[in-house]
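Heads up: the structure comes next, in structure tokens.
Letters go in sequence order (proteins before strands), and every chain restarts at 1. If you're wondering where the values come from, they're calculated on a predicted model, not measured in any experiment.
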Amino acid sequence: MNRDNLKSKNESESSPEKTRKGISRRGFLKGAGMTTVGTVALQSGVLGNTLDEQSLDEKAIGPDAELIKLKVNGESHSLAVEPRMTLASALRDKLQLTGTKVVCDRGACSACTVWIDGKPVNSCLTLAVEVQEKEITTIEGIGTPEKLHPVQEAFIEHDATQCGFCTPGMIMTASHFLQNHPNPDLEEVKTALRGNLCRCGTHPNVFKATLSASKKM
Amino acid sequence: MEKKKLILPHGIPGHNLGEIEREVPASEPPAWPVNDKLKEVGKSVKRYDALAKVTGQAKYTADIQLPGMLYAKFFRSDTPHANIRSIDISKAEDYPGVYGIHLMKTDDGNYPVVKYAGQPLGGVAASSLAIAEEAIKLIEVDYEYLDFVVDVEEAQHPEAPIVHKEKIASQTDGGDVGVTHDGTQANGNVVGPSTGSFFGGPRGDLEQGFKEADVIVEHVYRTQVHTHLPLETHGVVVDWKPGNMVVYASSQNTAAMRDELADYFDISKGEVRVISEYTGGGFGAKHSAGVYGPMAATLSKKTGRPVWLMLDRKEEHISMGNRPNSIQYLKIGAKKDGKLTAIQQRSHGTAGVGLGAGVGRIAQVLYECPNFATEQYDVYTHAGPGAAWRAPGNVQGAYGVEQAIDEIADKLGINPLAYRDVIDKSDIRKVERQRGAEKFGWSRRKAPGSDSGPVKKGMGMAQSTWPRFVTLDSTAEVRIMRGGAVEIRSSVQDIGTGTKTVLGQVVAEEFGIPTEDVSVLIGDTYFPTGPGSGGSVATGSITPPARNAAYKVKMELLEQIAAKWESDLSNLVMEEGKIVDKTDDSKSVSFKDALKGMRTSQIIATASRSDDYGGFQQPWGLAHGDLGSVQFAEVTVDTETGFVKVDKIVAAHSCGRPLNPAQVESQINGGVIQGLAYALYEYRVMDKQTGFMINANVDQYKLPYAMEIPEIESIIIEDYSGTSSTDAYGIGEPANIATAVAIANAVYNAIGVRIYEIPITPDKILKALNKI
Amino acid sequence: MNKFSWYEAKSVEDALSKVNATASDILGKAPNSSSVIFKAGGIDLLDLMKEGLVNPSTIVSIKNIPGLDKIEYSEQDGFKIGANVTLEELENNAVVKEKYLALHQAVAHAGTAQLRNSATLGGNLAQRTRCWYFRSIDHQCYRKGSGTCYAQEGENEFHAIMNNKTCASVHSSSVSTALMAFNATVEIAGPNGKTRSVTMEEFFVDPETDSRTENILASNELITGIAIPAVNENVKSFYIKQGARESHDWAIADVAVVMEMSGGKCNNAEIVLGAAAPVPVKAEDAAKKLRGKSINESVASSAGKASVKGATPLANNAYKVPIFRSIVKRAILNAV
């Protein structure tokens, strides 16, 4: 099926000339390092549809920072964010909740795991504007030095930290898993943690801690 | 110097434990007995900072936020090799929110030659990271493009583009103190050979040795480039106020960073304060301030504001270090009785634009062999520089040597474990082989390739050695405060290895109090200079001064009490939280009350690392003995798909007196898992067409996660040598050396074919089995 | 990421009236002041945006459009699954697990638990390839309009072994592998209330047909859901994904096998290979080996061999051929 045909057909009603023909795809990308950053002129008029910008602008947020509300660990916060700000950045840079770590910044390491409405997600791939109505829980919210979560206790007991940078993400993942799997075996624990990267090689103790915490929850 | 004699434990409990008498300086504390008889040391005391880590309260450099702080970002070359004609920053300078831009220049005022894709060329400080990134896109560079080479073999070709036309001075690579390079001009891109180490140069007569051999094994072994990937990237926050530069750093060597920055800016060391409270992993790559330290400092000075400069994941992969690859030719000869007659080694590896691609000294020292020679060459390529990584060189070297030894055993018809008994003179490894084999169940091992069916099991083992390195320039301060505080202070840092905890334990043991009563204040160059956390030197370097400083403080406190009680000082003991006169039951005071009664607000003492008892000093520090290790691996190989899975590792290790077995075990787990990653999964992929690293992320750079983690059992063997007041050594490097080759030997045992190249990905297995 | 505005669409019509491009339309182009695209879970889109490959001026969120998050099932008609249903919801659907095992397995092995909580079914289908050249801002590849597929002469160990001469990338949706094997259809809404329904084979297009993207979605179209035909209790299925590691990973090779059995014989079969070609492909030659046969090791093995007949591996990916042979065979044997 030819996509170009399809598109010209769909667009024929509004703008018959706006096919993809003649659109430069060079853009600002470099072909094998042959061009210099920022020297290629911006392409204009490359897009088919005319946007009803007026109607969009009225309801759209941004692109500059606007005040939003986030409910984090049971507390409401008003903060100014640009729509492009990730939840990880909002938590860390705006709310100083730096327990949430950013490692890969692309959803591949789970270090930035927080709970949205009780489910673990990557805060690096979540925009702050998306979660305004949601309950956000971070590592700072599941336990405190005075009143630790059983998983936190078990991590201390079983030496499940080395450098500690993956630890918050590990704990947010493990503690959620145990809520729904009260009596897991080792394979289930491994499966639950299979998205969390650790470079120090602390996994064996993370497994032990998680199994041990399951008996106290 | 006044001397005294100490009787110290010596040997391996359960094997040959005895005592040794050493003459030591009179200021040294009394000998500790073996761990069994101690209260805090040798116990798995809870990690000091675990509470902060599990609650998200631990503040890493990336987490530091200071009032008025700017965010900086490097702008980097987007081509691997070029001369820069001009750089136009005018648009970037005018961009709203940009506070400062600094372009890097060489000493003669020119722009540097671009030698790898992603090389830093300058930095931008702005009110947010996003603005800094946007501004960087507005910088225009006019390049004169040059040919490049990223492949280690192609770079050796006489016609290959030259990476460095100038001489490169000797490179210190942090974790390894061996002399590997002398700064001579490269021949094309090839530097070397390095033929010796501090264990000496070539010995004997190779030709004669091979003549005497009944069996000879000769192969080329290949290992890949892999990148450290610490979860926290390299970076600093620099707040440079007049006369006072405060640097928060993700560092494994605060003192070295301070010295580098003071040197770089030609200011006094006292003006620079480097703080590393928490560091999110280093593994050898975080010893230096690199370019990022001076860049952030320059931008801070320029703007008058604190500057945050943490690298992103791609920058980390490309420019912040890697373990160089190796192509190792290795030939080993042995007699029928197993005795080795000759070892010849020749290696080429690339640390990109840097040096340090040797294969270490495993071939030279692991086994006795009268005839030995090595030639180790560095090959420059247009790629990011290598950096020290857990047992630099030796991990690569072991991959060749320990497979070749296995193969000789096979040719001689001897079980590879038993063969090591024949050729290995190390006492510690003998015990490790025995205890490891028993725990592992080595007797289950079958003949190579003998499993029927497509999915085959295999078992292998391998050995390693690492010297007991010590940094003599290691100082700790211990202070007790009237009213109750007990503190230990040093610039030494804890990068996740547990240094804080063991320092607390050592001081607590000396004072006879619980470890938790000791405050450990480290990772700050306002405290006395401690060692770097690399080369497995930290524990052996800083725990003896910590104990000795505590001992001095203790003696001063006891003197005050003896005077008050009119007791003989030699009758006072400090243990179990009390001070008592052992000749008079009525004279007793709790440690806490004794602190309340101090004459001055504090008693402070410092101590520095002294020469090892028995005197093993080398010019560059101390190294003697053998942190030997033996690891066993059990694997499953799917011969239809080519996938290897590690089922089990048993790791038998020694680190002198283990101070905290749980933390030692954690580091062994780490060494094993990094070794497993090296053996099976990770490798840097450079595109030869464009010169870019194309898997510079976490998604496509393959590391093991939970499902790949085998059962790991560690055996920690106490090995007393009577060399210092703690007799303790590190474990970081030893844990990492033998794993990959033990896995390779197990793969051979499973399928009956050897794989000479890591990582052992399915294509290599299927090729070896003639399935593709 | 470049700056953009954010708009929450209230309905499919609302969303379609706002957007003027797909992420693929603007991929590799300079930021433009009037490019408006969709975002659902955002897993793929944010990755592309963070790399600097996609720079919209406005994002229209379709995540909260009412009705797109429903799973409907009937024994007669099978499933209708809204495009915004998350992979996690699908993974935990009991009927999917019981009757569409291969789909359950594919979903459960997609990404990480964290990603599955955000990732939507529609987004999973419409995601772009994970080819490292494509994902790199430093490489202007065929998919970005250059005519150069770097994988041909470059690093191609994870690339296609079939139909790989123009662009050797492989599509990354392992969920699609299973959906295609169940003959699912994709429900698409266009402007002016137009809708269309296409098979999975129609949904995916070859690089020769469209250099720009792997699917037929036009700039003003939106996936609203997936329909999966009903299966009876004689339908058996199995899915195997072989990644570089067992923990979360993209497929080096994946396969879904769906067989309708009757008295020990296979009446009908579908075998779909993922990560073999630029888009998921039905291995019809392999399926033929099963139809009308009793399933045993030798039949399964012959299907495995047939599945990669005519493969044209590149310099570094010939190893995928025996892997496909093996996992196709194993999936068949495991299904029954």
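A:Ile61 CD1 to C:Ile59 CD1: the interatomic distance, rounded to the nearest 0.5 Å, is 12.0 Å. Taken from OG in C:Ser247 to NE2 in A:His203, the straight-line distance is 8.0 Å, to the nearest 0.5 Å.
Contact annotation: the side chain of C:Phe4 never approaches that of A:Pro63 to less than 4.5 Å [non-hydrogen atoms, C-beta and beyond]. A 4.5 Å side-chain heavy-atom check between C:Trp6 and A:Ile68 finds every atom pair outside the cut-off. A:Asn196 has its side chain within reach of C:Gln114: a pair of non-hydrogen atoms, C-beta onward, lies under 4.5 Å apart.
Residues passing the side-chain hydrogen bond (donor to acceptor under 3.5 Å, both in side chains) test with A:Glu187, sequence neighbours excluded: none. Remark: C:Ser11 engages C:Glu13, C:Asp14 in a side-chain contact (heavy atoms from CB on, under 4.5 Å) (not counting sequence neighbours).
Neither the backbone nor the side chain of C:Asp249 comes within less than 4.5 Å of any heavy atom of chain A. Interface remark: C:Glu246 contributes backbone atoms only to the contact with chain A (heavy atom separation under 4.5 Å). Heavy-atom distances place no part of A:Thr191 under 4.5 Å from chain C, backbone and side chain included.
The two residues C:Ser5 and A:Ala60 have their closest heavy-atom pair at CB-CB, 4.2 Å. Counting all heavy atoms, side chain and backbone alike, C:Thr112 lies closest to A:Gly195 at CG2-CA, 3.5 Å.
Within a 6.0 Å sphere centred on NZ of A:Lys71, heavy atoms belonging to other residues, nucleotides or ligands number 12 at most. Residue-environment remark: CD (A:Glu133) stays at or below the threshold of 12 foreign heavy atoms within 6.0 Å. In this structure, C:Lys3 places its NZ atom where more than 12 heavy-atom neighbours from other residues, nucleotides or ligands lie under 6.0 Å away. The 12-atom threshold is exceeded at CD of A:Gln132, counting heavy atoms of other residues, nucleotides or ligands nearer than 6.0 Å.
Counting only distance, with no hydrogens or angles, the side chain of A:Arg84 and the backbone of C:Met1 share a donor-acceptor pair below 3.5 Å.
Contacts between residues 114-126 of chain A and chain C, defined by a heavy-atom separation under 4.5 Å, are made by A:Lys119, A:Pro120, A:Val121, A:Asn122, A:Cys124, A:Leu125, A:Thr126.
Annotation: salt bridge (charged side-chain N to carboxylate O under 4.0 Å, His left out) contacts involving residues 32-50 of chain C, sequence neighbours excluded, comprise A:Asp105-C:Lys50, A:Arg106-C:Asp47, A:Glu130-C:Lys39, C:Asp44-C:Arg130, C:Asp44-C:Arg135, C:Asp47-C:Arg130, C:Asp47-C:Arg135.
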